Q: 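To start, I am sharing the structure in question, which I have written as structure tokens.
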There are 2 protein chains.
Amino acid sequence: MAAALIANGEIATVKSPATGRYASVYSEVQSSRLDHPLPLPSVLKNTFKVVDGPPSSAAGNPDEIAKLFPSVFGQPSAMLVPGASGDTPTVQGLKIGVVLSGGQAPGGHNVISGIFDYLQDRCKGSTLYGFRGGPAGIMKCKYVILTPEYIYPYRNQGGFDMICSGRDKIETPEQFKQAEETALKLDLDGLVVIGGDDSNTNACLLAENFRSKNLKTRVIGCPKTIDGDLKCKEVPISFGFDTACKIYSEMIGNVMVDARSTGKYYHFVRLMGRAASHITLECALQTHPNITLIGEEVAANKQTLKSVTDYIADVICKRAELGYNYGVILIPEGLIDFIPEVQHLIAELNEILANETVDEAGLWKKKLEPQSLHLFELLPSAIKDQLMLERDPHGNVQVAKIETEKMLIQMVETELELRKQGGVYKGHFKGQSHFFGYEGRCGLPSNFDATYCYALGYAAGALLETGKTGLISSVGNLAAPVEEWTVGGTALTSLMDVERRHGKFKPVIKKAMVELEGAPFKKFASMREEWALNNRYINPGPIQFVGPASYKCNHTLELELGAQV
Amino acid sequence: MAAALIANGEIATVKSPATGRYASVYSEVQSSRLDHPLPLPSVLKNTFKVVDGPPSSAAGNPDEIAKLFPSVFGQPSAMLVPGASGDTPTVQGLKIGVVLSGGQAPGGHNVISGIFDYLQDRCKGSTLYGFRGGPAGIMKCKYVILTPEYIYPYRNQGGFDMICSGRDKIETPEQFKQAEETALKLDLDGLVVIGGDDSNTNACLLAENFRSKNLKTRVIGCPKTIDGDLKCKEVPISFGFDTACKIYSEMIGNVMVDARSTGKYYHFVRLMGRAASHITLECALQTHPNITLIGEEVAANKQTLKSVTDYIADVICKRAELGYNYGVILIPEGLIDFIPEVQHLIAELNEILANETVDEAGLWKKKLEPQSLHLFELLPSAIKDQLMLERDPHGNVQVAKIETEKMLIQMVETELELRKQGGVYKGHFKGQSHFFGYEGRCGLPSNFDATYCYALGYAAGALLETGKTGLISSVGNLAAPVEEWTVGGTALTSLMDVERRHGKFKPVIKKAMVELEGAPFKKFASMREEWALNNRYINPGPIQFVGPASYKCNHTLELELGAQV
């Protein structure tokens, strides 16, 4: 099929069977990925049986989780093990739906390919429905029937454009009703939800809902997020993290060589990842920057914006004494969410801006608590303006829009100017800002993500065929060769805790934050002083699909798996 | 040597022979590049002789150029051709200097490796001095002696960190005197200047100066700039352009897949390259964006900021009617330098800001000409603030600091809002801004740049050995296999014209702008309507060093060479 696709040896147009239009044009590298072979864990290549573990509990408040999920709470984890020839079920003609939910992550297409191939290989006569545009596609029953021809051009390709994604949630009784109608209309045996923590919580609510209504439709989740904050013992990593971090690290490595060559810029690089700092930590381990801010540590140490600024300025001063007036600094996108005083200021601003008129003379500022006023005055004027002027439709300050890297450059500049006047800093400082985000969400999946995602999808197929619901597809033992990877499913309720919102308990899969006692952070912490003053930059280079480093996975996973041993 | 370098199979520390300190730490991909074999053009592998062409002239005003370069003007181009065994000179013990000048470009280290290897292979007992930190290193006689051990860790690596670069120029009589002193002190037979148009102009001035003073030191230039604006018939491309464009195109391709997957963002991507739009054009040919602005065309059509905005808004409106509320737009860094009215406004602002007090009420604006005032009022307020507040030490508006992509997002947003009110636009618009610049200057050189640079350096060695001066190293016939590449040198004066500055003629190598009648632009122009409304995105993926696409060069060069045939 590749031969037909790759016209004139280089670029090909791929006709969409659904629309009859040419859907895409491929580069040589994209084309070369289409037939990249994907090894499967041994257990999925042969007959298997499912072994259930002991009943599960919850990550917190099991009593409340049990009340919220009466039909699926307490389910055991499932593990696939080699079976005799009669063990593997021979269900035929399954009707399965699949949906991509939330932000893009490299490898999503391979999860779908894995589900599809499982059905083709093991459940003859099955149909795979791809719901279009995320959960809204389920509610509106908007789908495409996935065929070999439809799926082929997306194999090992980045993006979610095969069926696209969306951020809608299935939450209200009406929305659940719509999902039920779709499940009934298509006679769905199962549904795979590919998403992050929220989407997997939603998947579990759907599983509960379908089961409580005695619908046959089973629901399996798959762990997706470049942020790396959806993981647990049985789910060692979310897919997309590996590729995204490698793309960001390529760019950081290039900027590092530039910094060292030019000798006159400090590059402040903000990296995607709002809730947790896994991406920043992983990129630091890959590239060895001079300064890395980890949100979880900033919060644990109750740091202030001033103390963060001072820390950066201290390193810059020490480097200046060594003759280095350049460097690279990594900043997690969510940094200021981790600084308590900033959260405090923003809450006060939202209150004041909602109720007071803001006078030019600045009298409104007297409404701020002294500590918040002090912080506000410390902010660069561009940031002040942004806080005051650019508010969301509810009138709230838009924290997400603050360009933290630019704010820090200005604050560090001011601090260094003071130190220069005080005679303690004799260097020269020029900041350059970068934000690496969208570049990493849709890259061609690394070999690791391509293989891992395919196994996740294939496993989801196996779980659905064996009648499981409310589980998240779990592929483990990732430090070993693919053949030895373990395959199973983990009760989604076992990952959950409750949060109190609007006087009600809401189930949430707790985000996995950077553990300050975890192996990746400890490795980083043991090396950062060395990286700060000496230059130990590493340039990982572009992701390679063949040859050197093409089968290397990320440091975070390696260190976490190593620590488990 | 690689084995010793690559400790534990993955990451190695490289000890700097100069400082005795560990200079660098290598990733697996970096390490794998160290021993990447570099083929040479056949003519450089065997005995050769130099054939001189006819006397040369200048790109413009030959009489003035002849006056400015009395000693080197009119030199013939030199071509290396296969020779008999006696033809190749057997000079020994040459003393050669090399300097990197200006901004980084991938491949600089390979030029140095090429010179070094030439001297090792052909001129036993030679010494290569690497001047540190750019032309200032020549003036201060700050150098390192390059040895095999010193050079090895930089082979096929990005960056200029082997000897670093700088932006100083050798211009004044005192500075020329310093350069002479260095040449005499080190008894230099030759000097290779690796740089862009300004640096090569400077190289020619040095050649002239040395020859007029009867110094034996000859000077050869090498064409370096990611911007791609230093080229001519004999020098088909400047090095670094290929790699930088591939890195930017990787990122653009990823953003395109993201745009298509999400379906809700217009990505405005500003690309490095201030004077000419070659980078933007090449990236467009590699990725097929919906809109591409080419500065040279904007200037030729005498477009205004409003007409550029309208063009973008028109495409967005048409796409909205087709159901596409997303897209990717490429913008050259120097866009506003190509818009006459903006230049006019900035000139007026500089005048006013220098002489008037800027009153809060805005009375100062009355000093602006009506057309400029109109344009000023059209600008988003953040840009107005930037123009008024952030001025350079001379009080001038800092055009280079304007984030054109953000400015255009705001202007397009305003325009679309008007059209929405007028009922002619029913889509929804959200802009995301990107700047890709520093990421591309120091990436690991592509196989093309690695090979091309090595040949350029090797050729520079040959030109110096055969007694040439005032030439730029020229490697041609690049569409053919490396073995068939041609090698020679082109008189730097033949690339020059004069500009009148402060009442004096100054020699300049004219920047090669995007030719609107050239093959690359015409190819783009023939396809852009198709790209605008249909989605023909291509994701080139990360640069591969082995396997598919690893030996592909860029479209600009291929099209230009194809058009020559």
Side-chain angles (χ1 to χ4, degrees), chain A residues 10-11 13 21-33 103-104 133 157-161 164-165 247 250-251 253-258 260-263 265 267 286 288 432 434-435 438-444 534-549 552, chain B residues 10-11 13 21-33 103-104 133 157-161 164-165 247 250-251 253-258 260-263 265 267 286 288 432 434-435 438-444 534-549 552:
Chain A
E10 180 202 315
I11 284 171
T13 48
R21 284 189 302 186
Y22 286 101
S24 207
V25 190
Y26 279 57
S27 70
E28 200 173 336
V29 174
Q30 282 181 297
S31 299
S32 77
R33 295 300 288 160
Q104 281 81 248
Q157 306 296 313
F160 277 6
D161 43 334
C164 293
S165 180
I247 293 171
E250 177 197 353
M251 297 301 116
N254 286 356
V255 164
M256 282 171 164
V257 179
D258 202 83
R260 185 165 56 203
S261 298
T262 318
Y265 293 119
H267 294 271
Q286 285 194 32
H288 304 184
Q432 286 287 353
H434 305 263
F435 172 53
Y438 296 92
E439 300 87 329
R441 307 198 310 176
C442 286
L444 285 160
N534 302 301
N535 302 313
R536 294 284 179 270
Y537 300 153
I538 292 193
N539 184 1
I543 291 178
Q544 297 296 296
F545 296 118
V546 288
K552 225 175 117 46
Chain B
E10 181 203 314
I11 286 171
T13 47
R21 283 189 302 182
Y22 286 101
S24 206
V25 189
Y26 277 59
S27 71
E28 200 172 336
V29 174
Q30 283 181 296
S31 299
S32 77
R33 297 298 290 160
Q104 282 81 249
Q157 306 295 313
F160 277 6
D161 42 335
C164 294
S165 181
I247 292 172
E250 176 196 355
M251 297 300 118
N254 287 356
V255 164
M256 284 172 163
V257 180
D258 201 84
R260 185 164 58 202
S261 299
T262 318
Y265 293 119
H267 294 271
Q286 286 194 30
H288 304 186
Q432 286 286 354
H434 305 264
F435 172 53
Y438 296 93
E439 301 87 328
R441 308 197 310 176
C442 286
L444 285 159
N534 303 300
N535 302 313
R536 295 282 179 270
Y537 301 153
I538 292 194
N539 184 359
I543 292 178
Q544 298 296 295
F545 295 118
V546 288
K552 223 175 120 45

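Protein chains get the first letters and strands the later ones, always in sequence-line order, with residue 1 at the start of each. These figures come from a predicted structure and were not determined experimentally.
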Q: Measure the spacing between CZ of B/R260 and CD of A/Q104 and express it to the nearest 0.5 Å.
A: 11.5 Å
Q: Between A/I247 and B/M251, is any pair of side-chain heavy atoms under 4.5 Å apart?
A: yes
Q: Which one wins on heavy-atom pair count under 4.5 Å against chain A: B/S165, B/G547, B/P540?
A: B/P540
Q: Quick one: does any side-chain atom of B/E28 pair with a main-chain N or O of A/A549 as donor and acceptor, under 3.5 Å?
A: yes
Q: I need the minimum non-hydrogen distance between B/N254 and A/L444, along with the two atoms involved.
A: OD1-N, 4.4 Å
Q: Where on B/Q432 is there a heavy atom nearer than 4.5 Å to chain A: the side chain, the backbone, both, or neither?
A: side chain
Q: With respect to chain A, which residue among B/G541, B/G440, B/G133, B/C164 yields the maximal number of heavy-atom pairs within a distance under 4.5 Å?
A: B/C164
Q: If you count heavy-atom pairs under 4.5 Å with chain B, which of A/N539, A/D258, A/T262, A/V257 comes out on top?
A: A/D258
Q: Using non-hydrogen atoms and a 4.5 Å limit, figure out which bit of A/E250 sits close to chain B: side chain, backbone, both or neither.
A: side chain
Q: Measuring only between side-chain heavy atoms, which start at C-beta, is A/P542 closer than 4.5 Å to B/F545?
A: yes
Q: As an exercise, state the distance from NE2 of B/H267 to CD of A/E439, rounded to the nearest 0.5 Å.
A: 9.5 Å
Q: Over all heavy atoms of both residues, which pair between A/Q544 and B/I543 is shortest? Give the atoms and the distance, please.
A: NE2-O, 2.8 Å
Q: In the structure I gave you, are the side-chain heavy atoms of A/P548 and B/S31 within less than 4.5 Å of one another anywhere?
A: no
Q: When only pairs under 4.5 Å are counted, which of A/F435, A/Y438, A/F160 shares the most heavy-atom pairs with chain B?
A: A/Y438
